[in-house]
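To keep things clear, I will list the structure first and then write my remarks on it.
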Amino acid sequence: MASAPADENRRWWKEAVVYQIYPRSFNDSNGDGVGDIPGIIEKADYLADLGVDCVWLNPVYESPNADNGYDISDYRAIMDEFGSMSDWKALRDALHERDIRLIMDLVVNHSSDEHAWFVNSRSSKDAEKRDYYWWREGRDPEGTDLDPDDYDTPDGVEEVPPNNWESFFGGPAWAYDDQTGEWYLHLFDRKQPDLNWRNEDVRNDVFEMMEWWLDRGIDGFRMDVINLISKPDGLPDADPANDIATIDRAVNGPRVHEYLGEMRDRVLDEDLLTVGEMVGDEMPLETARRYVTPGPEGDGLSMIFHFEHMLLDEGDEVWETVEWELPELKAVFDRWQAGLAEEGWNSLYLNNHDQPRMVSRFGDDDQYHRESAKLLATLLHTLRGTPYIYQGEELGMTNYPFESLDEVRDVATLNPIQNAIREGEIDSFEDVKDAVRAKSRDNARTPMQWNDADHAGFTDGDPWIPVNPNKDHINVEDVRDDPDSVWHYYRELIDLRSERDVVVYGDYEPLTPDHESLWVYTRTLETDDGRDTLLVVLNFASDETAFDPPADLAGRAADVLVSNYDTDVDAVEVDILRPWEARVYDLG
Ligand code: TEU
Ligand code: CA
C-alpha cells in the first residue's frame, strides 16, 4: 500500500491543480475581439481566488493562426494580437507573485510554413535548412492506389505523393510545392509542415529554444503531439482499409524515446511539469510507462495526455457519434490508474481546447447541469493524478448550439466539411450539424463567460467567435455570488487536495467496474497517524440509483466531506442516490 511520501519524493506537480487558458478566448483587454495576455493579467486574482496552482497557457507565439497558434512562425516572439514580450513577463510575474506556476505549450512536431526555417527550406533543394522538413519526390501514379485528381498539383504535373497518409485535419498529409517540384509532409494543416527530428540540427535548435524559455522562468512544458516526432523508417503506406491507419503508422515511432531521452538529459529536470500529448488509439501501458518513468530508464516526462476516453463516443464515419457507456469509461480510467500505480503518474482531464465541453458530453447539460458538472469535477479531483481544469469548466460551460458554418472557425471542423461538400458526400451544413454540435473543437473555444452583459464581458468589441447565449445564466459573476454553484464546489475540491495527502498519493481501488451507472472507489494511504481512507460514490445517471456498499465497508462510521446534494449521512449504508449525486466519504 502507498504511504505518504517523504519530502524528497513529493512533487509539486503531483499536488497541483492545473488551469488551462486558451488565450484567444479568455479575456480581451483592448476591444479587438481577441483575448490577449494583458486580459489574462486582469484575471490573475480570479485564478488565485479559484485556488489553482499552475496555469498551462496554450500557444502565444508568433503565428499566422492557421490553427490558432499551433502553427508557429517564431518560437521566441509573442503573437502581436496577444501582446508583447514585456506583457508576457508581466503575466509570468503576476502568476508567480500569487504562487501560481506557469507552463507553456511546446509545438515542435511541426512549425508554420511561415517560419524562417521553412521559408529557407522550400527555397531550393540545396537550401541550408532543406533537411529541416520532410521533402520527397512524388511518384508515378501508375502502380499506386492513388488518384492524381485527389491532389492539388499544377497543370502538367501528373504525380501522387510518396505515400497515402492523410492529414489529421482531412485530405492528404503531403503538399506539392512549386518552387522545387517536391512534396513536403504535414500531418496537420498544409500550413503546418512536420519538422525532421532525424536532423541533429533540428533537435539542437529545439533544445536551445526550450532552454531559452526555461531561462525566462517558466515551470514546464505541455508538449504538443510529442509522440509523432519520430516517423517510421521508409515512410510506409498506411492500410487504406483502416480509418486510423495514418495515426497507427505515425505514433510512437522508432526513435521517439531516443529524442525524448536527449531532451531529458539536455534540458529537463524533475522539478518541471512536463506533460506530453500522446495521440493515437490505445497505447500499450509499457510504452506509457517508458514515457513517464524518470531517467535513465524512462524518458522522464511528468505525465502524458492519452486519448482513450476521448475515443469512446467516436463512430466509424467522421460524422458519426455513438453513445459512450459508463463501464467503458471506467475501464479506461481503471486501466491507467492501475497501469501507472507504481511507476509514473496520470493526468486527469475530460475536456480541453480540442474537445467538446465535458458537462455536455459526459453529464446532463440540461436538467441536471449543476449536479452533473459537480459530479464530473468530483471524479477528476479524487482519482489519482493531476487534475486539469479547462477554462470555463469551473462554471459548467456547455457546448454551443451551432446553426451555420458561419459560426465555425476551426480548421479541423471546416476542412473536412468543405472537402465533403466539394466531393458531394454531404449537401450542406444541416447534414453534419448534430456532429458539429457534439464534437467540434469550437465548442470549447467560445469566449469565457464573465458576466451576462453583451459578449459575456469577454470583449467590448466584436468577439472573434460567437458567445454562447447561455451566458445569461452561466457566468463568473453569478457563480461567485451563489454559494451552491459549480464554482464554489471546485474551490472545495481544490482545498481538499491541499489538505489531504490521500487525495494526491492514495491508492485507487475500483469497486463497481461493471455497474451501468455507479462508479465507486476507495483511495487509501498509510500515514504517520495510521490509515487514511476515502470512499467516492458517483451516480452517473439522471435517475435515482440504489447504492449497496461493499461488505467490508458497510456500517462504517463516516462523514461526507464533499457532496453535490445536502446529506446528513454519518455512516456507509445502503441508500438511494439522487440523479448525478456524488459523495466523498471520509472513513478516517
Ligand atoms: O492536438 C492534436 C490532435 O490530434 C487534435 O487536433 C485532434 O486531431 C483533434 O482534437 C480531434 O479530436 C494538438 C493540439 O492540441 C491542437 O489544438 C492542434 O490543432 C494540433 O495538435 C496540431 O498542433
Ligand atoms: Ca485583444
Side-chain angles (χ1 to χ4, degrees), residues 20 22-42 56-61 63 65-72 78-84 87 105-112 166-170 173 186-195 222-229 244 246-247 250-251 275-281 304-314 318 321 349 351-356 361 388 390 409-416 435-436 438-445 447-448 455 458-464:
Q20 182 191 347
Y22 195 68
R24 181 162 295 271
S25 305
F26 193 61
N27 186 35
D28 174 22
S29 70
N30 62 352
D32 66 355
V34 174
D36 47 50
I37 293 175
I40 304 173
I41 299 173
E42 286 173 11
W56 152 25
L57 198 58
N58 281 110
V60 292
Y61 314 99
S63 163
N65 283 310
D67 185 21
N68 286 356
Y70 280 95
D71 48 319
I72 296 170
I78 300 294
M79 189 191 304
D80 286 341
E81 274 182 309
F82 287 173
S84 63
D87 292 329
D105 225 301
L106 178 77
V107 189
V108 290
N109 172 68
H110 44 268
S111 72
S112 163
E166 289 189 3
S167 151
F168 284 64
F169 294 162
H186 61 89
L187 291 179
F188 294 89
D189 190 72
R190 60 187 299 142
K191 285 187 67 64
Q192 295 168 294
D194 282 57
L195 283 160
R222 175 270 188 187
M223 304 179 178
D224 192 57
V225 293
I226 202 69
N227 65 330
L228 291 177
I229 57 178
I244 51 156
T246 301
I247 297 197
V251 297
V275 51
E277 188 202 27
M278 305 282 175
V279 288
D281 223 10
I304 66 176
F305 292 132
H306 70 75
F307 278 69
E308 284 170 33
H309 50 320
M310 297 289 116
L311 301 174
L312 296 176
D313 55 6
E314 202 131 284
V318 190
T321 55
Y349 77 97
N351 52 200
N352 58 38
H353 66 294
D354 290 335
Q355 299 293 338
R361 189 180 195 177
Y388 286 75
Y390 178 64
R409 300 285 176 274
D410 176 27
V411 59
T413 308
L414 289 172
N415 280 1
V436 170
K439 294 298 280 292
S440 173
R441 307 198 299 183
D442 278 343
N443 284 298
R445 299 175 180 185
M448 179 75 177
H455 314 314
F458 162 71
T459 181
D460 295 334
D462 255 342
W464 71 278

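Indexing begins at 1, ligand by ligand and atom by atom, following the structure's order.
Closest approach of R361 and M310 over heavy atoms only: NH2-O, 2.8 Å. A pairwise comparison of heavy atoms in F26 and M448 identifies O-CB, 3.4 Å as the closest pair. Considering all non-hydrogen atoms of both residues, G31 and T459 come closest at CA-OG1, 3.8 Å. Closest approach of P59 to V107, counting heavy atoms only: CG-CG2, 4.0 Å. A pairwise comparison of heavy atoms in E42 and S29 identifies OE2-CB, 3.6 Å as the closest pair.
Residue, atom and distance of the protein heavy atom nearest to atom 18 (C) of ligand 1 are D67 OD2, 3.3 Å. Atom 21 (O) of ligand 1 has its closest protein heavy atom at D224 OD1, 2.9 Å. Among all non-hydrogen protein atoms, the one lying nearest atom 4 (O) of ligand 1 is V279 CG1, 3.3 Å.
Within the listing of ligand 1, atoms 1 (O), 2 (C), 13 (C), 15 (O) sit less than 4.0 angstrom from a heavy atom of E277. The distance from ligand 1 to the heavy atoms of H353 drops below 4.0 Å at these ligand atoms: 14 (C), 15 (O), 16 (C), 17 (O). Residue R445 approaches ligand 1 through these ligand atoms, each under 4.0 Å from one of its heavy atoms: 17 (O). Residue H110 has at least one heavy-atom neighbour below 4.0 Å for each of these atoms of ligand 1: 22 (C), 23 (O). Near F169, the atoms of ligand 1 lying under 4.0 angstrom from a non-hydrogen atom of the residue are 6 (O), 19 (O).
Atom 7 (C) of ligand 1 is not flagged as protein-proximal [any protein heavy atom, distance under 4.0 Å]. Put simply, atom 11 (C) of ligand 1 has no protein non-hydrogen atoms near it, under 4.0 Å away.
For M310, no heavy-atom contact with ligand 1 is shorter than 4.0 Å. With a 4.0 Å cut-off on non-hydrogen atoms, M278 does not touch ligand 1 at all. By the criterion of a heavy-atom distance under 4.0 Å, neither the backbone nor the side chain of E314 is placed next to ligand 1.
Excluding waters, the set of protein N, O or S atoms lying under 3.0 Å from the Ca ion (ligand 2) comprises D28 OD1, N30 OD1, D32 OD1, V34 O, D36 OD2.
From N68, atom CG reaches atom CE of M79 across 7.5 Å, with rounding to the nearest 0.5 Å. To the nearest 0.5 Å, atom NE2 of residue H455 and atom CG of residue D462 are 5.5 Å apart. Distance CG/D460 to CG/D32: 10.5 Å, rounded to 0.5 Å. Between the CZ atom in F188 and the CG atom in N109 there is a gap of 6.5 Å [rounded to 0.5 Å]. Between atom OG1 of residue T413 and atom CZ of residue F169 there is a gap of 9.0 Å, rounded to the nearest 0.5 Å.
Aromatic ring centres of Y349 and F305 lie closer together than 6.0 Å.
The residue among I226, D354, L228 with a heavy atom at the shortest distance from atom 5 (C) of ligand 1 is D354.
Contact check for S111 versus I72: no side-chain heavy atoms found under the 4.5 Å cut-off.
With respect to H353, the side chain to side chain donor-acceptor pair (under 3.5 Å) criterion is satisfied by exactly one of R445, R441, Q20: Q20.
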